[in-house]
Structures are given as C-alpha cells and as structure tokens.
Protein chains: 2
Amino acid sequence: MVKGTTPTNENVDNCPVRQVLAKVTGKWQTLIVLALGDGALRFGELKRAIGDVTQRVLTENLRSLERDGYLTRTVKAGPPVSVHYELTEMGQELRVLQKKMVIWAAESHLAVKQNREAYDAV
Amino acid sequence: MVKGTTPTNENVDNCPVRQVLAKVTGKWQTLIVLALGDGALRFGELKRAIGDVTQRVLTENLRSLERDGYLTRTVKAGPPVSVHYELTEMGQELRVLQKKMVIWAAESHLAVKQNREAYDAV
DNA sequence: CAGTATCCTTTACGATACTG
DNA sequence: CAGTATCGTAAAGGATACTG
C-alpha cells in the first residue's frame, strides 16, 4: 500500500491527499482543466468554452489552479491586454486522470439513468 | 474522440457527463466509495472509517450513491438492526478511478505545497 | 443501531456594476 | 479584454435532539 493513500480515518483535517483533491475535483476546476487540454486559451475563450460560468467564479478557480501549480497565467500587454492560461506538466497529469473520469462517466450515464428511474419508481 | 466526452460548451445544463460527475466527484462520495473498497461496511463502521462526517450528511450521500447504482443497502433485522453498504460492479469501477486520483494526489501533494508557498511568497 | 427532524452557519455561486 | 467589488440567494454542512 502506498503511504498516505488512505484519506479515510485519522488524517481527516490535515490529510494532504484530501487537501489536494479538494482543489481539483470540483466542477469548475475539472471543466477548466479539460478546456485547456488542447492548448492555451485566453480568459474570454475559456469563459466561452465552459459556457456557463461567471467571471468572478472563473477568476477564483483559475487563481486557485495557478496557485497550486496546475496552470500558468501569462499577461500580454495591449491594448487590449490578453491573458493566456496554459496547463503545466502537473496540470497535464491531472487532465489525463480527469479525462478518464469523463470517458467513464460518458459510458456509465445510461446505466446511472436507469438506476435512478428504477430507484425512484419504488 | 468518444462521443459525449466533452462536457465543456453547448451541453452545459443537461450534459449527461456533468450529471454523472456531479454525483461522484464530491468529497463525501469519494470518501465513502474508497472506504467501501475492501468490502461491505455497516453504517456505524462507515461513519467511523471516514472520521468526520455527521449522520445526516453520511445518510444523504449514501442515498444518492445507492440511487445511482454505485452501492447496495441491505437491512438485517435486529434488534439491533444492522445495515450493510456494499459497492456494486459499477461502484467498483468508480473506485478504481478514484483510487488512481488518490494515488496521484499522494504523489503530488508535496509539489502542490511548494507551489503554494512560492505563489504566496509573491 | 441507524437513522430523521430541526435549526443555524458557512460556503458557493449568480447578477450586476465598475475599472485599468 | 480581463478583471475587481458588492450584494443577494441558495445549497452544503455542522450541531443537537429525538425515534423505531
């Protein structure tokens, strides 16, 4: 067993695994990382790619991902100024894992739908 | 490209991939699935395994996972009654993916910590 | 034992307006 | 263009008490 891979019990609050996961498993973080999968995007492009996300929330999540080292933020002087966001190596690693989750989710969504309907029918 | 694997843009609200991910990427759902990885657990055992979780929240998340088909709930008459929770096949699939995320998180947490410190120092 | 019910606080998020 | 600031709402979660 890899040391530190059991985020259950004991550790709890100061569990480093939980601290990492908390910042990358959220809805917005996932969508941002996936959107940047094919290369750098500007703030506006990213916002359009995700579709439904406010500027405030997008900014918050980008700052968080930047702080933890998953992406870089590059400002190019203007006017108008443009800001490019790009995945780091670690961001790419994360993306690979999230991509697997997405593919699995795509394959499973029908089964989930059927389970829900059966459950709700009772 | 696998059809339906791009949760960004368009789809947005009624994207089936997002609907699946929303129910399995949360903190509690992840911890529950991982805790059940080594076999069925009773409600109380599960609660102790996770450590910090209230009964209300644990129950809510267990119902959600049961509804979507990731685990089964089995009541054994008492007294006292005992309720066993166990992963389904689909739950095991999910667990495999989450386990990979946890292992990656364990390997990455130091790099993340260093990134944060460097970022905050500026 | 395995919940449910109630109340309350915190966090996430949306909407909107403003700025270098 | 890429934010920041402010306000208000809604969902998540904690604490506690109660029950078959």
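Just so we're on the same page: letters track the sequence lines, and every chain starts at 1.
For B:T54, whose side chain is taken as the heavy atoms from C-beta onward, the closest listed nucleotide among D:dG14, C:dG14, D:dA2 is D:dG14. When distances run from any side-chain atom of B:V57 to the nucleotides C:dC1, D:dG14, D:dA2, the shortest one goes to D:dG14.
The NZ-C1' distance, from B:K23 to D:dA12, rounds to 12 Å in whole Å. The nearest whole Å value for the distance from the NZ atom in A:K27 to the C1' atom in C:dT11 is 15 Å. One atom, CD1 of A:I50, and another, P of D:dA2, lie 14 Å apart when rounded to the nearest Å. Between the CG atom of B:L46 and the C1' atom of C:dC1 there is a distance of 14 Å, rounded to whole Å. When the C1' atom of C:dT19 is taken as reference, atom CZ of A:F43 falls 14 Å away, rounded to whole Å. The nearest whole Å value for the distance from the CG atom in A:N61 to the P atom in C:dT11 is 16 Å. Following rounding to the nearest Å, B:K47 (NZ) and D:dG14 (C1') show an atom-to-atom distance of 11 Å. One atom, CD of A:E60, and another, P of D:dG3, lie 13 Å apart when rounded to the nearest Å.
Between B:R95 and B:G37 the shortest heavy-atom distance is NE-CA, 3.0 Å. Nearest heavy-atom pair, A:L41 versus A:A49, reported as atom, atom and distance to 0.1 Å: CD1-CB, 4.5 Å. Closest of all the heavy-atom pairs between A:M101 and B:L21 is O-CD2, 4.0 Å. Residues B:A105 and A:V17 share a closest heavy-atom pair of CB-CG1, 4.0 Å. Annotation for B:T72 and B:T88: closest pair CG2-CG2, 3.7 Å, computed over non-hydrogen atoms. Pairing each heavy atom of B:V81 with each of B:R42, the nearest pair is O-NH2, 4.0 Å.
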Using a cutoff of under 3.5 Å, can you pull out all pairs of nitrogen or oxygen atoms linking the protein to nucleotides 4-10 of chain C, with atom names and distances?
residue	atom	partner	partner atom	Å
C:dT4	OP1	B:R63	NH2	3.4

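Considering only side-chain N and O atoms, B:R48 lies nowhere under 4.0 angstrom from the phosphate OP1 or OP2 of C:dC1. Look at A:Y85 and you won't find any side-chain N or O under 4.0 angstrom from OP1 or OP2 of D:dC1. Taking 4.0 angstrom as the limit, A:W28 places none of its side-chain polar atoms (N or O) nearer than this to OP1 or OP2 of C:dA12. For the OP1/OP2 pair of C:dC1 and a distance below 4.0 Å, the side-chain nitrogens and oxygens of B:R42 include no atom meeting the criterion.
In this structure, A:Q98 contributes its side chain and A:V24 its backbone to a donor-acceptor pair below 3.5 Å. Checking side-chain atoms of B:T25 against main-chain N and O of A:G26 turns up no donor-acceptor pair under 3.5 Å.
Secondary-structure stems of DNA chain C, taken as three or more successive Watson-Crick or G-U wobble pairs (i with j, i+1 with j-1) under a 3.5 Å distance threshold, comprise C:1-20 with D:1-20.
Under a 4.0 Å N-O distance rule, the pair B:D52/A:R18 qualifies as a salt bridge.
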